[in-house]
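Step one of this worksheet: look at the structure below.
Atoms considered below: every heavy atom in the structure, side chains included; atoms not considered: hydrogens, waters and symmetry mates. Everything numeric here is computed off the predicted structure, so don't read it as measured data.
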Amino acid sequence: MRIARWLRREVMMPLLFLAAAGVALYWLTQKLDQLGWLEEQGFAFWLLAACYVIYVILAVISVRHIATTYLLERYHPGDPRSVRRLQRKLRFRLPRQWQGDGLVHFLSIRLEQDGFNREGGDRRTGIVYSRDSRHLWTRRRRTDRVIMLESSSINIFQVDQMLKDCIYQLDRVERKSERNILVIAVRMEQSADVASAAAGCVNYLGLFQSGTLFPVLVDLNGRRFYYPANRSAIKRSHRFFQNRMLFLIRQIGLVSASDKLQDIAEKAEK
């Protein structure tokens, strides 16, 4: 999406209509005041008040529309300008003091503390963790899964294939899982190459036949983690589960330079 086109179509046009409506409303207020109709507080007064309420609603909708089109931009992995815009997004940045050393190892420990059990796999093909729980209201049993893997290189084609393979396997396991998370930890020198591959995760909607899949691509060297930008069609309980994973990734990286994670690992091994 070109910046000039986005500014003209998604920003300038709504603001222009909003300004025109504001000018028209101001002119109408002045005319009614000159005629003395507003002092009577009759039909004209309440009609004008309703117009102002509608104008405020219109302003809120316009601002939300501008913000939504900015946040939910679809990124093109082959376009350097689009990749640079993705890299500049504040929502995908991790703090400067964040350290990704041992992320998969310590994240596995935290998952086990949260009740997840390891089903199998390894770091290259994907370590699979699952947890059985029950719905809060219906008490129906459900299964959550987290898949974690590490890679020394990544590109958009590999990301797309990972997502397809993951969905293929999740649709065919005996115990279906509604909420699923795929964590891909990548250590590469060029952050732009990671961001280009991460476009596949950011553009992903997260829905498939059995439930939801939330891919998180973590750039260990660049201190960024990329995840789907549009989660409007996902249930609130699924978003809460996904936000919990983002919180764990951020938290583990922030304390990795201290002795806290070492204490966690020692306690887990005992």
Side-chain angles (χ1 to χ4, degrees), residues 100-135 140-188 194 197-198 200-201 204 206-220 225-228 234-235 237-253 256 261-270:
D101 297 335
L103 173 66
V104 174
H105 173 67
F106 290 112
L107 190 56
S108 299
I109 295 175
R110 290 300 302 268
L111 289 176
E112 291 175 357
Q113 292 177 344
D114 286 348
F116 283 84
N117 298 312
R118 180 168 177 171
E119 290 186 344
D122 53 53
R123 292 190 178 189
R124 294 190 61 185
T125 60
I127 306 174
V128 183
Y129 286 87
S130 65
R131 179 184 65 183
D132 293 328
S133 60
R134 293 187 180 275
H135 288 274
R140 182 170 58 88
R141 183 182 297 276
R142 70 179 175 194
T143 301
D144 302 325
R145 278 191 174 86
V146 177
I147 306 168
M148 299 184 298
L149 59 90
E150 286 184 306
S151 178
S152 59
S153 63
I154 198 76
N155 58 53
I156 183 63
F157 302 106
Q158 291 173 321
V159 170
D160 289 342
Q161 190 60 46
M162 287 179 184
L163 295 177
K164 292 178 182 178
D165 292 343
C166 193
I167 293 175
Y168 179 84
Q169 296 297 332
L170 291 173
D171 276 333
R172 285 159 179 79
V173 294
E174 183 178 353
R175 290 186 302 120
K176 295 291 191 300
S177 49
E178 294 182 4
R179 304 189 300 186
N180 306 277
I181 294 178
L182 173 63
V183 179
I184 309 170
V186 181
R187 188 178 297 279
M188 293 176 60
V194 181
C201 295
Y204 187 66
L207 294 172
F208 68 103
Q209 182 177 357
S210 300
T212 60
L213 175 62
F214 185 64
V216 184
L217 195 151
V218 185
D219 183 359
L220 299 177
F225 59 166
Y226 301 96
Y227 51 90
I234 296 177
K235 297 179 182 179
S237 61
H238 289 230
R239 293 199 301 267
F240 177 82
F241 180 61
Q242 297 165 2
N243 292 337
R244 168 66 176 168
M245 176 57 64
L246 297 178
F247 172 78
L248 287 179
I249 293 174
R250 180 184 294 271
Q251 182 190 48
I252 289 174
S256 62
L261 283 183
Q262 296 298 331
D263 295 340
I264 294 174
E266 292 176 1
K267 292 179 181 178
E269 293 173 357
K270 292 180 180 180

Let me confirm one number: the [atom1]-[atom2] distance from [X] to [Y], rounded to the nearest 0.5 Å.
X: Y168; Y: F208; atom1: OH; atom2: CZ; result: 14.0 Å
X: L111; Y: Q113; atom1: CG; atom2: CD; result: 9.5 Å
X: Y204; Y: D160; atom1: OH; atom2: CG; result: 10.5 Å
X: N180; Y: Q242; atom1: CG; atom2: CD; result: 9.5 Å
X: L170; Y: I147; atom1: CG; atom2: CD1; result: 5.0 Å

message: Is it the case that the side chain of R110 and the backbone of F106 share a donor-acceptor pair, with hydrogens and angles ignored and the cut-off at 3.5 Å?
response: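 Checking the backbone N and O of F106 against the side chain of R110, no donor-acceptor pair under 3.5 Å is found.
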message: Treating S108 as the side-chain partner and V104 as the backbone partner, does any N or O pair qualify as donor plus acceptor under 3.5 Å?
response: yes
task: Mind running side chain to side chain contact (heavy atoms under 4.5 Å, CB included) on E112 and N117 for me, showing each step along the way?
output: CA-CA 6 Å; E112 291 175 357; N117 298 312; over 6 Å; no
So [Y] and [X], do their side chains get closer than 4.5 Å, heavy atoms only?
X: F241; Y: I181; result: yes
X: V186; Y: D219; result: no
X: D171; Y: S210; result: yes
X: P228; Y: P215; result: yes
X: L246; Y: Y227; result: yes
X: L107; Y: M148; result: yes
X: V218; Y: L220; result: yes
X: V216; Y: L182; result: no

- prompt: Is there a side chain to side chain contact (heavy atoms under 4.5 Å, CB included) between D132 and R142 once you walk through the steps?
  reply: CA-CA 6 Å; D132 293 328; R142 70 179 175 194; over 6 Å; no
Taking all heavy atoms of [X] and all of [Y], pick out the closest pair and write down the distance.
X: I154; Y: V194; answer: CG2-CA, 4.5 Å
X: S152; Y: M188; answer: O-CG, 3.3 Å
X: L217; Y: C201; answer: CB-SG, 4.1 Å
X: L213; Y: C166; answer: CD1-SG, 3.9 Å

field: Donor-acceptor side-chain pairing of Q169 and D165 below 3.5 angstrom
entry: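 No, D165 and Q169 have no side-chain donor paired with an acceptor closer than 3.5 Å.
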message: What verdict does the salt bridge (Lys or Arg N to Asp or Glu O under 4.0 Å) test give for E119 and R175, after you've listed the backbone C-alpha separation in whole Å, the side-chain angles of each residue and the deciding distance to 0.1 Å?
response: CA-CA 12 Å; E119 290 186 344; R175 290 186 302 120; 2.9 Å; yes
task: In plain terms, say whether E178 and R145 are close enough for a salt bridge, that is, a side-chain N and a carboxylate O under 4.0 Å apart.
output: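 Looking at E178 and R145, the cut-off is not met.
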message: Which residue in the set T212, T143, D144 passes side-chain hydrogen bond (donor to acceptor under 3.5 Å, both in side chains) when paired with R179?
response: D144
message: Using the side chain to side chain contact (heavy atoms under 4.5 Å, CB included) criterion, which residues pair with R118? Sequence neighbours excluded.
response: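 Result, side chain to side chain contact (heavy atoms under 4.5 Å, CB included) vs R118: I127, Y129.
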- line: The complete set of salt bridge (Lys or Arg N to Asp or Glu O under 4.0 Å) pairs with one or both residues in residues 238-253, sequence neighbours excluded, reads D114-R244
